[in-house]
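FYI, side chains are in, hydrogens and waters are out, and symmetry mates aren't considered; it's all heavy atoms of this structure.
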Amino acid sequence: MTDAALPLRPDAASVERPESQSTLTRVVHYTGMRMIAMLITILIGVYLTIIIANMGGHVDNIRKGYIRETVAIATGQSEEFRNMTAEERREHIDKLVALQEKRMGLDQPFLLRSFRFLWGAMTLDLGWADNMSSDSGSRQVRNIILERLPATLLLFSTSFFMLFFVGIFVALYLSRNYGSRLDRLIIGLAPTSAAPSWFYGLFFILLFAALLGWFPFGGLVSAPPPESIINYALSVLNHMVLPVIAIFFSAIFLGIYGWRTFFLIFSNEDYVDMARAKGLSDRVVERRYIMRPTMPSIVTGLALSIIGLWFGSIVLETIFNWPGLGRLFYLASNIFETSVIVGSTVIYAYLLGITVFFLDIVYALIDPRVKVGGNPGGQV
């Protein structure tokens, strides 16, 4: 046969390029669609929060009444105001009130203001707080929130890693020692996870702070704050012990019980028995054939439990006087600081959306059966 009669053999690079391009296109398309869906969900949730936080515009009426009362008290102390007639006093107060309402944007309809507030909330441009300020003295809502965010992230990220690593190792140990005394003890303690973290917080404060005096009652750092960085970090760690343990105890037993059950179920699969028959060590079998297929369920359950703990942080941080978003939300609710309430809700919504978004990416990394943006049938 001549060379012309031979079938053309496609280049390997030309074959792999379309496949890699299609994979990249699928991932980009999937990521974009997920981000759009996440933003729409957050948008709806934030707008509902704006409506609820303002009580459909009723809070604006409260603020208008507060402005009128403040102006009347301030002008009543003026000698010039006392010499005015009743009609002149009323006109003067109405003029000052109108100027103050215009400065705060209360002269516009609530529906129009709600959409402007929604755009500001999504971009964290929430203007200025009326009655709150940051520790540095700033009244800008963004600065107030961002100043409190690191404390909340520090508290719950520490709790997250403790729950994950302790839960994984203990669950693996229990799956190897099914029916042992420790296994039965964990099963018996699992219902205690129904109690919220703030309940354990109250108990630990009474025991370890009030009775034993081992740890402080609350706060982020001792007063006055230590000057050296090392002593400051040690003081923060000392103040973190009780709230972290409260979060830990509110979720660990149920988590261990659930993960231990997953490990037991997958350890009885046929492919696990085949791997052991091939002579693979127990550690290799656990890592490759038991832990890996259970990781998506474990990561999902842990992430969603942490999200639930975030929303419970309002009471927990208030109990421990922890200067995070939860305590900020509580203080803002007491004085009808709508902008701070909405801003805190936006941060929680972003944290929730980012967590759910990255869960899909984590699935693809820890489970080879999952393909991002693939077709239905066991794929994400």
Side-chain angles (χ1 to χ4, degrees), residues 35-36 38-55 57 59-60 62-64 66-67 100-108 110-157 219-221 225 236 306-307 309-318 321-358:
M35 291 185 67
I36 292 174
M38 180 186 71
L39 289 175
I40 292 175
T41 303
I42 293 175
L43 194 72
I44 296 174
V46 171
Y47 187 73
L48 291 176
T49 302
I50 292 173
I51 300 297
I52 296 172
N54 285 276
M55 300 180 186
V59 173
D60 288 350
I62 297 176
R63 297 173 68 186
K64 289 179 180 180
Y66 177 76
I67 291 173
Q100 186 71 2
E101 290 179 355
K102 184 177 181 180
R103 184 185 70 84
M104 300 178 65
L106 296 176
D107 59 328
Q108 301 173 352
F110 172 72
L111 183 62
L112 177 62
R113 292 181 60 249
S114 66
F115 286 107
R116 291 182 177 177
F117 202 25
L118 175 62
W119 172 253
M122 297 299 293
T123 58
L124 294 182
D125 184 13
L126 297 167
W128 303 82
D130 297 330
N131 305 304
M132 300 186 71
S133 63
S134 64
D135 293 338
S136 60
S138 174
R139 286 186 174 271
Q140 191 171 6
V141 175
R142 179 187 298 175
N143 294 335
I144 296 174
I145 293 175
L146 294 180
E147 186 180 71
R148 302 295 187 98
L149 180 60
T152 296
L153 293 179
L154 174 64
L155 181 63
F156 285 93
S157 61
L220 177 66
V221 68
V236 172
I306 290 296
I307 292 172
L309 292 173
W310 283 340
F311 292 106
S313 67
I314 298 174
V315 182
L316 179 71
E317 292 184 358
T318 302
N321 196 24
W322 187 263
L325 286 178
R327 178 161 176 76
L328 177 67
F329 189 92
Y330 172 78
L331 295 175
S333 301
N334 287 336
I335 58 177
F336 298 103
E337 193 67 76
T338 306
S339 57
V340 177
I341 295 174
V342 174
S344 302
T345 306
V346 170
I347 295 296
Y348 281 122
Y350 278 137
L351 290 174
L352 174 60
I354 292 172
T355 301
V356 174
F357 176 77
F358 278 104

How far does CG of L149 sit from CD1 of I144, to the nearest 0.5 angstrom?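 One gets 14.0 Å once the value is rounded to the nearest 0.5 Å.
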Nearest 0.5 angstrom please: L316 CG to Y330 OH, how far? 14.0 Å
So, using side-chain contact (heavy atoms from CB on, under 4.5 Å) as the criterion, who are the partners of I36 when residues are at least two apart?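 Scan of I36 (side-chain contact (heavy atoms from CB on, under 4.5 Å), adjacent residues dropped) gives I40.
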Report yes or no: does W322 contribute a side-chain atom to a donor-acceptor pair with the main-chain N or O of A151 at less than 3.5 Å?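 Yes; judged by distance alone, with no hydrogens or angles, the pair exists.
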Nearest heavy atoms of [X] and [Y], plus distance in Å:
X	Y	value
I145	V340	CD1-O, 4.3 Å
F156	E317	CE1-OE2, 3.9 Å
S333	I341	CA-CD1, 3.8 Å
G324	T152	CA-OG1, 3.2 Å

Check side chain to side chain donor-acceptor pair (under 3.5 Å) between R148 and all other residues, then give those that pass, not counting sequence neighbours.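 In terms of side chain to side chain donor-acceptor pair (under 3.5 Å), with neighbours along the sequence ignored, R148 is linked to no residue.
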Mind checking what makes side chain to side chain donor-acceptor pair (under 3.5 Å) contact with E147, not counting sequence neighbours?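 Listed in chain order: nothing, the list is empty.
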Answer yes or no: are there more than 12 heavy-atom neighbours, outside Y47 itself, under 6.0 Å from its atom OH?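 It does: Y47 OH has more than 12 such atoms within range.
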